[in-house]
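Because the structure is a prediction, the values reported are computed rather than measured. Residue numbers count from 1 along this sequence. Just so you know, these numbers use all the heavy atoms, side chains as well, and skip hydrogens, waters and symmetry mates. Order of listing sets the numbers, starting from 1, for every ligand and every atom in it.
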Amino acid sequence: MTKRIGILTAGGDCPGLNAAIRGVGKTAILNHGMEVIGFTAGFSGLIWKEYIVLDEAKLSGILTVGGTILGTSREKPFKMEKGEETNEKPALIRKNYLDLKLDCVVCIGGNGTMKTAAQLQKIGINVIGIPKTIDNDVYGTEVTFGFDSAVTIATEAIDRLHTTANSHQRAMVIEVMGHDAGWIALYAGLAGGGDIILIPEIKYNIESVCKAIENRFSMKKPYSIVVIAEGIEHPAHMSASAYIAERIQTLTGIETRDTRLGYVQRGGSPSAMDRILATRYGAYAAELIAKGDYGQMVAIQNGKIGSVPLEKVGGKLSLVDPNDQLIDKARKMGVYFGDE
Ligand code: F6P
């Protein structure tokens, strides 16, 4: 019996989504003779039966393209809206799944998407999850695709700040994405030679941060680069970078500027590593479907590709361990993490 599968991309986009769609689709079609459709705009497409047929031609030429050819949304089909007494979306999804004679839906997304995927599996829809996000915070895998591209973009931005910071003898604060997890700030901060790195997992003290900057200036180091994650503690009415820059300038008198990198980190072509990771994930997802091994999220563990049950992933986050070896090594080289 020919298997029929659907693919969707949900949540915030990231570089590598098309490479993953291509990895699933090509392996499913060429190696297993499956039929493949793609739901548009994340779980919305699954609810409202909006999809396109993904034949091999549609999957060609998309490996290097950023964004997602399927579109995405933050639709959460199991979430009850305020005032709603019934939620018909899961039933609509089940009906569409049966009407379209699907054997499995591949859900490519982050933590929220994996949680929804686990809920779908519970109501009798076969699913496979593929973890993506620039934030690298999906529980159960060592790495998500999108992360390497974002780190590369952020590192280039930090490199560029060094020269202008030096010319003007300023402190430069650069804010990268990561609400809960400081992975991008940690990796781009280290790759870009950041002097101070602030992440949500390590509570900082602003006076100590200022002292570190003053020490640098007194040691004839004419400028400082402060790399921060967007999720560090700061007043709600302003960005983290605007807050930290204002504090540094006020408390030290050193001229300080802030840069908020924002969505640039999520746009454009995936890095070579992300293309490979997304392709591996996609191809492995198709293999799991061929074996009928559903309810799994593909994952890298101890450097090897495998899978974890979706129910073990949902609702959890992969955060930076403050005792991570990388942090320890950085500290020994003088990088300051703002600890209280
Ligand atoms: O993709 C993850 C992420 O980039 C977060 O780091 C960021 O705060 C969030 O998505 C913002 O996404 P959106 O504005 O699309 O909801």
Quiz item: Salt-bridged, Arg4 to Asp103, with N to O below 4.0 Å?
Solution: no
Quiz item: Above 12 or not: heavy atoms from other molecules or residues under 6.0 Å from NZ of Lys221?
Solution: no
Self-check item: Test: Lys122 and Glu311 ion pair at under 4.0 Å
Solution: no
Self-check item: Gln325, CD: over 12 other non-hydrogen atoms inside 6.0 angstrom
Solution: no
Quiz item: Can a salt bridge be assigned to the pair Glu287 and Lys291 using a cut-off of 4.0 Å between side-chain N and carboxylate O?
Solution: no
Quiz prompt | Set of residues that line ligand 1, where lining means a heavy atom lies under 4.0 Å from it | solution = Arg74, Ile134, Asp135, Met177, Gly178, His179, Glu230, Tyr263, Arg266
Please list, one pair per line, the donor and acceptor atoms closer than 3.5 Å that link side chains of residues 164-175 to other protein atoms, with sequence neighbours excluded.
from: Ser167; atom 1: OG; to: Thr163; atom 2: O; distance (Å): 2.9
from: Arg170; atom 1: NE; to: Glu255; atom 2: OE1; distance (Å): 3.2
from: Glu175; atom 1: OE1; to: Ala240; atom 2: N; distance (Å): 3.3
from: Glu175; atom 1: OE1; to: Ser241; atom 2: N; distance (Å): 2.9
from: Glu175; atom 1: OE1; to: Ser241; atom 2: OG; distance (Å): 3.2
from: Glu175; atom 1: OE2; to: Arg260; atom 2: NE; distance (Å): 2.8

